[in-house]
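Quick note: residue numbers are just sequence positions, from 1.
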Amino acid sequence: MVAEAPWDVIVIGSGIGGLVTASQLASKGARTLVLERYLIPGGSGGSFKRAGYTFDVGASMIFGFGESGHTNLLTRALADVGEHCETVPDPAQLEYHLPGGLTVAVDRNYDSFVARLTALFPHEAKGIRAFYDTCWQVFRCLDAMPLLSLEDPAYLAKVFFRAPLACLGLARWLPVNVGDVARAHIRDEQLLRFIDMECFCWSVMPADLTPMINAGMVFSDRHAGGINYPKGGVGVIAEKLVAGLERHGGAIRYKARVTKVLLEGEGGAARAVGVELANGEQLRARRVVSNATRWDTFGGLVDTAHTPQAETTWRRRYKPSPSFLSLHLGIDAAVVPDGFHCHHLILEDWQQMEAEQGVIFVSMPTLLDPSLAPAGHHILHTFAPSAIEHWQHLSPAEYKAKKQADADRLIARLEAILPGLAGAIRHREVGTPRSHRRFLGRMGGSYGPIPALRLPGLLPMPFNRTGLKDLYCVGDSCFPGQGLNAVAFSGFACAHRIGADLGINPWALPA
């Protein structure tokens, strides 16, 4: 027999999905502990300070800070624990710089964006409107209902009673991918490639592999709730979730690396009862949540002998996305032209979209919050997909030389939109897939799972419960996938499912 656990729930990892799970559970009265291997919370949604600059670890294009509806999950997660982030609205999602001189800025205003794209492809005016209007149909289904656990029959019954048409509409789009919808309305090959890039900029997948549910959220919420940057940096979100967690009786421990999920029982009767840390300390809980990737959870925290068969099936369907070569630069403000957008994406050759370091992502959050850099300077965070295979088996000298050469090459390509950049750099840090693996504890530094083959939308994506009793997963390895707002959804869903299992959920749905 196991002695009564001192914690109701232990959450492994303080990424946004893990923190939303933990703070939601704490707000319901569960005794909740978060264990974080690093020194700060947030994972790839964290921030760090260097030489007067506050750098975001990952992307700074943030969804989920709207003020109405149900898809503003970051706003709602913070409010539920008595917190609020002051944000700065971004007038554009990003500006694309694509082959053949195709340059498109995605306005915050939907009609302006459609008009801008239609001016470039006037022969596809009807198809452009039809495609993006279809995305709005998906978004309205999502926005009409509280986004909680799809594993809870009681929740599903209540939400169907409240919004039956939205539920039916959502079910219709679950097995559909973006490419099928785009080709139903659009014929122009260059425009279809643009929609591939619209998907790739946040899913690192072309349209044929990107679920329509995700696209409906992103392509519409950028106009509905808009892109809003948290003042003080993206890491403020995690810091405020931690504050809310602690206010409601929860706790977080840093430099607490979990090496094992403790199990009791054999075979199908095995269940999670706690965790073991790198120092040998064991902590018990009624429920355990892994915010690590599924690759790091099963075969890592859980040994192969106890890994459920469903995880083997999942690994045949999904593979790790690449990591990133990431540059955090402090630059002279004088090199930045007036009217420069905060976010940019660069691709010189369509054939290189999925290639090693093919696409360049750029963010300059100091255009929205100047306090993140010393006066007269800007932050420039730029990153390109890069697989860890290109960085392994290098000697220290070879690794250093490759970092230098690849960073220089990336900066040279950025001169296309920021002439004179190389001479304006005053601070420079280079991160590689090895850096991401080390600091974020993710296999290969991966951004998250992507389909290994063409799949029916989001239907194969697992929810939060696993094949091991009392062990749950949360984050980008779970429905609905990557992105801060998506992992916040996963956190809400995981907390709701555990709340149902512990009998602590309120009866009524959120307003």
Side-chain angles (χ1 to χ4, degrees), residues 10-18 21 35-38 42-45 57-58 203-205 209 211 257-263 270 272 275-278 288-324 354 356 385-393 431-453 455 458 460-468 471-484 486-487 490-491 493-494:
I10 288 176
V11 178
I12 304 166
S14 70
I16 297 300
T21 302
L35 299 170
E36 169 54 48
R37 61 185 283 149
Y38 195 46
S44 58
V57 174
S203 72
V204 294
M205 296 179 289
L209 298 178
R257 183 168 67 89
V258 175
T259 56
K260 183 191 299 184
V261 172
L262 298 176
L263 304 173
V275 300
E276 183 172 294
L277 305 185
V288 177
V289 180
S290 175
N291 192 197
T293 72
R294 296 187 96 92
W295 295 286
D296 293 298
T297 301
F298 294 103
L301 301 178
V302 175
D303 61 41
T304 303
H306 288 94
T307 295
Q309 179 59 38
E311 298 302 321
T312 303
T313 303
W314 184 81
R315 290 182 189 203
R316 287 200 299 267
R317 293 171 172 170
Y318 292 90
K319 62 183 179 180
S321 72
S323 185
F324 291 100
E354 298 181 76
E356 169 73 8
S386 182
I388 197 163
E389 290 77 17
H390 296 275
W391 299 88
Q392 290 179 321
H393 312 302
T432 72
R434 284 166 57 169
S435 311
H436 289 89
R437 179 178 63 186
R438 176 186 174 192
F439 290 106
L440 301 179
R442 297 174 65 91
M443 188 185 75
S446 173
Y447 176 67
I450 57 176
L453 62 160
L455 297 170
L458 277 178
M461 197 63 157
F463 296 117
N464 301 106
R465 283 191 293 190
T466 72
L468 278 176
L471 176 65
Y472 305 75
C473 282
V474 71
D476 53 31
S477 295
C478 301
F479 182 99
Q482 298 120 339
L484 253 59
V487 297
S490 178
C494 190

Q: Are the side chain of Ser477 and the backbone of Arg294 linked by a donor-acceptor contact shorter than 3.5 Å?
A: yes
Q: Give, for atom CD of Glu311 and atom CD of Gln309, the distance between the pair rounded to the nearest 0.5 Å.
A: 10.0 Å
Q: Tell me, do Tyr318 and Pro460 make a side-chain contact under 4.5 Å, heavy atoms counted?
A: yes
Q: Would a 4.5 Å heavy-atom cut-off, applied to side chains only, mark Pro449 and Gln482 as touching?
A: yes
Q: Between Asp476 and Tyr447, is any pair of side-chain heavy atoms under 4.5 Å apart?
A: no
Q: Please name the pair of heavy atoms, one in Pro322 and one in Ala387, separated by the smallest distance, quoted to 0.1 Å.
A: CB-N, 4.2 Å
Q: Which heavy-atom pair separates Leu277 from Leu35 by the least distance, and what is that distance?
A: CD2-CD1, 3.9 Å
Q: Testing the basics here: between Arg315 and Gly299, what is the closest heavy-atom pair and its distance to 0.1 Å?
A: NH2-N, 4.4 Å
Q: Is the shortest side-chain heavy-atom distance between Val261 and Ser290 below 4.5 Å?
A: no
Q: As an exercise, state the distance from CZ of Arg437 to CG of Asp296, rounded to the nearest 0.5 Å.
A: 10.5 Å
Q: Does the side chain of Ile450 come within less than 4.5 Å of Leu209's, by heavy atoms?
A: no
Q: To the nearest 0.5 Å, tell me how far Leu471 CG sits from Ile10 CD1.
A: 11.5 Å
Q: Measure up the Trp295 and Trp314 rings against each other and bin them: parallel (under 30°), tilted (30 to 60°), perpendicular (over 60°).
A: tilted
Q: Using every non-hydrogen atom in the two residues, find where Pro480 and Ala486 come nearest and quote the distance to one decimal.
A: CD-O, 3.4 Å
Q: Restricting to salt bridge (charged side-chain N to carboxylate O under 4.0 Å, His left out), what partner residues turn up for Arg37, sequence neighbours left out?
A: none
Q: Below 4.5 Å, heavy atoms only, C-beta onward: do Thr293 and Ser446 meet side chain to side chain?
A: no
Q: Could you check if a side-chain atom of Thr21 sits within less than 4.5 angstrom of a side-chain atom of Asn291, using non-hydrogen atoms only?
A: no
Q: Indicate the atoms forming the closest heavy-atom contact of Arg316 with Leu453, along with that distance.
A: O-CD2, 3.5 Å
Q: The test is side chain to side chain contact (heavy atoms under 4.5 Å, CB included); show your working for Thr466 and Phe298 and say whether it passes.
A: CA-CA 10 Å; Thr466 72; Phe298 294 103; 3.9 Å; yes
Q: Counting N and O atoms only, with roles assigned by atom type, does the side chain of Arg317 sit under 3.5 Å from a partner on the main chain of Leu455, one being a donor and the other an acceptor?
A: no
Q: Can you tell me how far OG1 of Thr432 sits from CZ of Arg438, rounded to the nearest 0.5 angstrom?
A: 10.5 Å
Q: How far does CD1 of Ile16 sit from OG of Ser490, to the nearest 0.5 angstrom?
A: 12.0 Å
Q: Ser321 side chain to Gly448 main-chain N or O, any donor-acceptor pair under 3.5 Å?
A: yes
Q: Would you compute the distance between atom OG1 of Thr259 and atom CD of Glu276 and round it to the nearest 0.5 angstrom?
A: 5.0 Å
Q: Can you confirm whether Glu356 sits close enough to Ser386 that some side-chain heavy atom of one is under 4.5 Å from a side-chain heavy atom of the other?
A: yes
Q: Which pair of non-hydrogen atoms, one from Gly445 and one from Ser323, has the smallest distance, and what is that distance?
A: O-OG, 2.8 Å
Q: Of all residues at least two apart in sequence or in a different chain, which pass the side chain to side chain contact (heavy atoms under 4.5 Å, CB included) check with Phe479?
A: Leu150, Leu174, Leu458, Met461, Phe463, Phe489
